[in-house]
2 protein chains.
Amino acid sequence: MKTTFGEYIRLLRNENELTLTQLAAKLNLDSANLSKIENGKRDFDEKRLPKLAKIFKLDLTELRNEYVTDQIGKQIYETNCTKQLLQVAEEKAEYRRTLKEKVI
Amino acid sequence: MKTTFGEYIRLLRNENELTLTQLAAKLNLDSANLSKIENGKRDFDEKRLPKLAKIFKLDLTELRNEYVTDQIGKQIYETNCTKQLLQVAEEKAEYRRTLKEKVI
DNA sequence: ATATATTTGTCAAAAAATGACAAGTCTTAT
DNA sequence: ATAAGACTTGTCATTTTTTGACAAATATAT
């Protein structure tokens, strides 16, 4: 999946032939705001992932992975983080994991 | 640099034999809050990077890289993003870059 | 014990994200 | 042409999150 999360939602929505209004209702969301989400002008609220998974019968874990990779991808993009720096970031994440262990 | 940004600041501060209060003053910051930053309980505000670079005579670009990798590393850690997923995230960042080009 | 350094908790203010609604465009059908 | 439905955009109040500030507690050294 090499799209944004918003585009992904739109894809799902079109595949299932739902209008913005219809899907928005299922998600307890304003259709105008769903439009913004699909167009990348707002973020999808993580709290709605379970609902989204249910609507389209998706595996929640996989959907959350789509979401997480979108979020991190967005940050990588916005911060102009190069692959080299991303490697460093990964090492720092690793380091944080070791910190956590120490607390235990 | 495989530490958190907060630890890095503490390192710099100790190397230069400054107290929390002294460094906080230079950063226009409350010493209590600087303490929290060093201990990872708050984030360092990006707006203060130039000041921080100046105080310790660091290259701002490199410092910003330290900051960015810390931020992304934190997100990787918090979202339990595996290396495999991080690869996907990188591809999505790439994809966003292609989107940007299209707009031009 | 005193003084200094650091940590922790709390809370108001500032900033950012979200919900809601109005008004706009665009397309399609009649 | 216009009416209806689908989508987009702008705005603004509300909510949530982050930050600044201060007080008080703990720790460290003299």
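Values in this document were obtained by computation on a predicted structure and should not be read as measured data. Convention: sequence-line order gives letters A, B, ...; per-chain numbering from 1.
- Contact of the A:Phe5 side chain with the A:Leu52 side chain is registered, since non-hydrogen atoms from C-beta on lie closer than 4.5 Å.
- Sorted by first and then second residue, the salt bridge (Lys or Arg N to Asp or Glu O under 4.0 Å) pairs with a member in residues 3-16 of chain B read B:Arg10-B:Glu38, B:Arg13-B:Glu38; sequence neighbours excluded.
- A donor-acceptor contact shorter than 3.5 Å links the side chain of A:Asp30 to the backbone of A:Ala32.
- Listed by first then second residue, pairs satisfying salt bridge (Lys or Arg N to Asp or Glu O under 4.0 Å) with a partner in residues 67-79 of chain A read A:Asp43-A:Lys74, A:Asp70-B:Arg96, not counting sequence neighbours.
- Counting all heavy atoms, side chain and backbone alike, B:Tyr95 lies closest to A:Thr3 at CE2-CA, 3.5 Å.
- Applying the salt bridge (Lys or Arg N to Asp or Glu O under 4.0 Å) test to residues at least two apart or on different chains, the pairs with a partner in residues 45-54 of chain A are A:Glu46-A:Arg64.
- Interface residues of residues 18-34 of chain B facing DNA chain D, ordered by number: B:Leu29, B:Asp30, B:Ala32, B:Asn33; criterion, heavy-atom separation under 4.0 Å.
- Once you apply a 4.0 Å limit to the heavy atoms of chain A, the touched nucleotides of DNA chain C run 5' to 3' over C:dT18 to C:dA22.
- Across residues 35-54 of chain A, A:Ser35, A:Lys36, A:Asn39, A:Lys41, A:Arg42 each have a non-hydrogen atom less than 4.0 Å from an atom of DNA chain D (numbered order).
- Counting heavy atoms from C-beta outward, B:Glu91 and A:Ile76 have side chains that stay 4.5 Å or more apart.
- Counting heavy atoms from C-beta outward, B:Lys36 and B:Asn33 have side chains that approach closer than 4.5 Å.
- Residues A:Leu63 and A:Tyr8 come closest through the heavy atom pair CD1-CE2, 3.7 Å.
- At a threshold of 4.5 Å between non-hydrogen side-chain atoms, the residues B:Ile37 and B:Leu29 count as touching.
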